[in-house]
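Notes follow the structure.
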Amino acid sequence: MLDAEKKYIISRQLLKSGTSIRANVHEAQNSESKNDFIHKIKIATKELEDTKYWLILCDKEKNYPKNHFLNQKVQELGLVLYKILSTSIKSKNLN
């Protein structure tokens, strides 16, 4: 949608950060240790926050398309990732 409206910079940033979330979660699933898993999930949450930022910019600009469905999905994914992160940190501290 952004590419069709020639909003290339934000569209590329959204593509990078959005796909990086999944890539880092995938890497975490193949982590070498609990610390490595936590580190990769933290990177995924950073990318999630970047994605939220780019979506906020889209929402604030009146000439940019709004995507409430995507905003909702990013929020839901954030809840899942932050829960995974907090649970992993707690379980690491128990050992």
Side-chain angles (χ1 to χ4, degrees):
M1 180 185 253
L2 288 172
D3 275 348
E5 296 184 24
K6 309 260 188 271
K7 308 295 186 188
Y8 298 117
I9 293 172
I10 290 189
S11 115
R12 285 187 192 122
Q13 292 295 335
L14 270 170
L15 180 63
K16 282 180 174 180
S17 62
T19 56
S20 182
I21 298 166
R22 179 61 182 115
N24 281 289
V25 169
H26 181 76
E27 282 187 42
Q29 291 171 329
N30 298 300
S31 60
E32 296 176 10
S33 66
K34 182 68 101 174
N35 284 338
D36 189 36
F37 177 83
I38 291 169
H39 176 70
K40 286 175 173 46
I41 294 296
K42 282 182 179 180
I43 294 170
T45 59
K46 277 183 66 177
E47 295 297 333
L48 178 98
E49 293 302 325
D50 285 352
T51 302
K52 285 182 187 178
Y53 171 76
W54 294 114
L55 289 172
I56 288 168
L57 285 185
C58 287
D59 286 344
K60 299 262 183 214
E61 291 294 325
K62 58 182 169 175
N63 293 330
Y64 280 62
K66 313 303 183 243
N67 193 324
H68 300 292
F69 176 78
L70 188 55
N71 283 327
Q72 178 183 350
K73 290 301 174 188
V74 168
Q75 294 297 329
E76 290 170 6
L77 181 58
L79 293 174
V80 171
L81 285 178
Y82 283 112
K83 183 64 175 178
I84 290 169
L85 184 59
S86 68
T87 302
S88 298
I89 291 170
K90 283 178 190 172
S91 103
K92 179 187 150 214
N93 291 337
L94 291 176
N95 293 332

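Note that the coordinates shown come from a computational prediction; the quantities given were computed from them, not determined experimentally.
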field: Interatomic distance, R12 atom CZ to W54 atom CH2 [nearest 0.5 angstrom]
entry: 12.0 Å

- request: Before giving the answer on side chain to side chain contact (heavy atoms under 4.5 Å, CB included), spell out for T51 and L14 the whole-Å C-alpha distance, their side-chain angles and the decisive distance to 0.1 Å.
  value: CA-CA 6 Å; T51 302; L14 270 170; 3.9 Å; yes

- line: Taken to the nearest 0.5 Å, the spacing of L77 CG from L70 CG works out to 10.5 Å

- prompt: Side chains of C58 and N67: closer than 4.5 Å at any heavy-atom pair?
  reply: no

query: Same cluster for F37 and L85 if Ile/Leu/Val/Met/Phe/Trp/Tyr side chains link at under 4.5 Å?
result: yes

query: S31 versus H39: any side-chain heavy-atom pair under 4.5 Å?
result: no

query: Given the rule in the side chain to side chain contact (heavy atoms under 4.5 Å, CB included) test, do R22 and V25 qualify, once you have shown the distances and angles that lead to the verdict?
result: CA-CA 5 Å; R22 179 61 182 115; V25 169; 3.7 Å; yes

query: Quick one: do K46 and D50 make a salt bridge, cutoff under 4.0 Å?
result: no

Exceeds 12 heavy-atom contacts within 6.0 angstrom, atom NZ of K42: no

task: Determine, stepwise, if the pair E61 / L57 fulfils side chain to side chain contact (heavy atoms under 4.5 Å, CB included).
output: CA-CA 6 Å; E61 291 294 325; L57 285 185; 5.6 Å; no

- request: With sequence neighbours excluded, give me every side-chain hydrogen bond (donor to acceptor under 3.5 Å, both in side chains) pair touching residues 68-80.
  value: D59-N71, Q72-E76, K73-E76

- request: Find out if a path of hydrophobic residues (ILVMFWY) with successive side-chain heavy-atom gaps under 4.5 Å connects I56 to I10.
  value: no

Interatomic distance, I89 atom CD1 to I84 atom CD1 [nearest 0.5 angstrom]: 12.0 Å

